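One structure below.
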Amino acid sequence: MNTLASYDELPYDSLPLPETQPDFLAAVARLHGFGAPEPSRSRILELGCAQGGNLIPLAWRWPGADWVGVELSRMQAEAGAAFVEALGLPNVRVLHGDLAALPQDLGEFDTIVAHGVFSWVPPSVQQALLDVCRRHLSPHGIAYVSFNVTAGWEKLQPLRAALTGRTAAGLPAPARFKQALRVLDELQAEWSDPVLLKEIAYLKSAAPSYLFHEYLAEFNAPMRFGEFAAQLGAHGLRYVGEAGPRSAVVELEDAWGLVSEGMAGRWLDAEAALDDALAVRFRRALIARADTPCAQPPQADALSALAFYADLRCDEEIDLETAGEQRFISPAGNAFPIAQPVMKAAAVALSAAYPGSLAYSDVLAAARQMLAEYGVGGEVDEAAFRDALFPLVMAHCVMPTVTAVTYANAPGERPCAHALARQQANAPNWVVSGARQVAMELDAPGRILLGMLDGRRTVDELAVAMRQTLAAQGLALPLETVGELTRQQLWLFARQGLLLA
């Protein structure tokens, strides 16, 4: 079996992916009325796992689950296997292999993840991927399959055509990428379409691997949702729901009173129409075997059986007395308007608990308590609260999960990071991942500090060690300044769930 040369020459950044967390996927499935397995004892397969930047942190967080990753790039698969061996993690394997020729003895999986694969492979491999899902999914298992959508890509096709046409296909990937940057400059001067100019500006600052594999690689085949759903049916699979953020969702009159099979066609047609209306560019579809109970559009009533987490801030004084709209902002800079006082209080409570999660009843209780403490009287309308929470969950302002968990929320006297975080910090080509599968952007001093956190030094001793390290690199700073910077960084690590209690 041959590896893909371009993926060895210019590999995708192997990043953690929040939407692939098995507890999140199970929660999304339950919002759609589908009872996905509880993830703590599950078997999980990731196809196209690169070097394991997503797979390995998940395996670390769920030590009772069994994890398998398959990667066609030999270089990346070997890097992942070496990282696992160095970490001493017994519940995960990274295999060099072809998803179209998987070993027959892999068995069934409760979750299968294929991110960034389906649209970027030949049609025969697409069919093989769906075959893998049908053959290896457990009876109530779910698969996550992401793909590019025609509705959002139609206006971008001239850009892909120009980049492929004006660069030399025979060049090694890094050299062709450099050619593409020059072409982007030319196109920026030649074109006036605002959609294309916005994409050009993004590509000039995006990761080289993204530009190459999205715009220069041989395959990038966007697909209409209806066509994707039809292919699922041909392979004995069915659509369960969308794992990506949504600004709007399908609503069907009397949806829960309809016979599931009779409603499915209406639902799929409405999903396709929504793609066209919103120019949807990318989908993260949840799918299951066709012999499982039919899922349905997501319902707010299902929220009460879940738990939630959120990392938000509000740059103005929060008004808990009136229903005035205020903007809550995520770390990615996305702004979410919240008007209902009880929902504002819930957002504050969830952010205070982050990266921990709170069960629905605890979120509501914390919001009620906060309102009472601020002297806001009156009964809380729980149905109105659910209706306010639902679009925030759909938009991924608030993330659903199946179980409430807590994390250490302070550095402690002798801060100690878990072994995965320290190994990621000490490995130059690895991204440090937070407890919620968020990639952390750390500079060199931040990585050095994280690698030091073995629990043997006090905060003051860490500051002294960091000052000596920085001085050796030619940066002389007062101990007081280094101490303050060290404390700030330690609180960031705690905020991302990297520290042990």
Side-chain angles (χ1 to χ4, degrees), residues 13-21 23-25 27-28 53-54 57-58 60-61 115 146 202 205-207 210 243-247 282 284 307-318 325-338 343-358 363 366 389 391-401 404-411 417-418 420-421 424-425 430-447 449-450 453 485-499:
D13 295 333
S14 191
L15 301 174
L17 304 166
E19 287 90 356
T20 66
Q21 298 171 98
D23 57 337
F24 167 77
L25 295 178
V28 171
N54 183 59
L58 292 174
W60 174 268
R61 282 174 55 198
H115 180 80
S146 65
Y202 170 73
S205 62
Y210 177 83
R246 313 205 74 178
S247 58
F282 187 67
R284 302 167 177 89
F308 306 91
Y309 62 92
D311 186 8
L312 300 167
R313 76 174 199 272
C314 184
D315 294 336
E316 54 188 299
E317 184 177 352
I318 297 175
E325 192 172 275
Q326 294 183 279
R327 287 157 48 94
F328 285 74
I329 303 170
S330 73
N334 298 318
F336 302 91
I338 301 178
M343 193 62 243
K344 296 178 192 177
V348 173
L350 286 167
S351 296
Y354 186 86
S357 53
L358 299 176
V363 176
L389 175 61
L392 299 179
V393 170
M394 292 294 100
H396 291 188
C397 168
V398 174
M399 298 287 279
T401 180
V405 296
T406 58
Y407 289 90
N409 57 7
H418 57 66
L420 170 65
Q424 287 174 326
W430 283 78
V431 171
V432 176
S433 53
R436 291 302 179 182
Q437 209 66 356
V438 175
M440 297 181 63
E441 293 185 9
L442 295 180
D443 58 14
R447 282 180 169 268
L449 176 61
L450 183 56
L453 301 185
L485 293 173
T486 298
R487 287 174 175 82
Q488 291 177 8
Q489 193 72 65
L490 289 172
W491 279 100
L492 172 63
F493 295 155
R495 178 72 175 170
Q496 293 302 325
L498 303 185
L499 304 186

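The structure displayed is predicted, hence computed values, not measured ones.
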For Phe328 and Ala347, which heavy atoms make the closest approach, and how far apart are they? CE2-CB, 3.8 Å
Look up atom CG in Leu312 and atom CD1 in Ile338, then write down how far apart they are to the nearest 0.5 Å. 6.5 Å
Using a 3.5 Å distance criterion without hydrogens, assess whether the side chain of Gln489 forms a donor-acceptor pair with backbone atoms of Thr486. no
Heavy-atom pair of closest approach, residues Met343 and Leu392: CG-CD1, 3.7 Å
Between Phe24 and Tyr309, does the ring centroid distance fall short of 6.0 Å? no
Applying side-chain hydrogen bond (donor to acceptor under 3.5 Å, both in side chains), can you list everything that pairs with Gln488, at least two apart in sequence or on another chain? Glu484
Taking only residues two or more places apart in sequence or in another chain, which ones pass side-chain hydrogen bond (donor to acceptor under 3.5 Å, both in side chains) with Asp443? none
Looking only at heavy atoms, the pair that brings Phe308 and Leu350 closest together is O-CD2, 3.4 Å
Can you name the salt bridge (Lys or Arg N to Asp or Glu O under 4.0 Å) partners of Arg436, sequence neighbours left out? Asp23
Can you tell me how far the CZ atom of Arg327 sits from the CD1 atom of Ile329, to the nearest 0.5 Å? 5.5 Å
Is there a donor in the side chain of Thr20 and an acceptor in the side chain of Gln437, or the other way round, less than 3.5 Å apart? no
Taking every non-hydrogen atom, the tightest pair across Leu420 and Pro57: CD2-CA, 3.7 Å
By ring-ring contact (aromatic ring centres under 6.0 Å, His included) - contacts of His115 (at least two apart): Tyr144, Phe282
Of the non-hydrogen atoms in Ser433 and Pro16, which two are nearest, and what is the gap between them? CB-CG, 3.7 Å
For the residue pair Ser14 and Asn54, what are the closest heavy atoms and their distance? OG-N, 4.4 Å
Just by modelled atom types, is the Gln424 backbone N or O under 3.5 Å from a matching donor or acceptor in the Arg447 side chain? yes
Run the ring-ring contact (aromatic ring centres under 6.0 Å, His included) test against Phe336 and tell me which residues pass, sequence neighbours left out. none
Mind listing the side-chain donor-acceptor pairs of residues 490-499 below 3.5 Å, one per line with the distance, residues two or more places apart or on another chain?
{"unit_1": "Arg495", "atom_1": "NH1", "unit_2": "Ser351", "atom_2": "O", "d": "2.7"}
{"unit_1": "Arg495", "atom_1": "NH2", "unit_2": "Asp311", "atom_2": "OD1", "d": "2.7"}
{"unit_1": "Arg495", "atom_1": "NH2", "unit_2": "Ser351", "atom_2": "O", "d": "3.2"}

Quick check against the 3.5 Å criterion: does Gln326 have a side-chain atom that pairs as donor or acceptor with the backbone of Glu317? yes
Inspect the surroundings of CD in Glu441 and state if more than 12 heavy atoms from other residues, nucleotides or ligands are less than 6.0 Å away. no
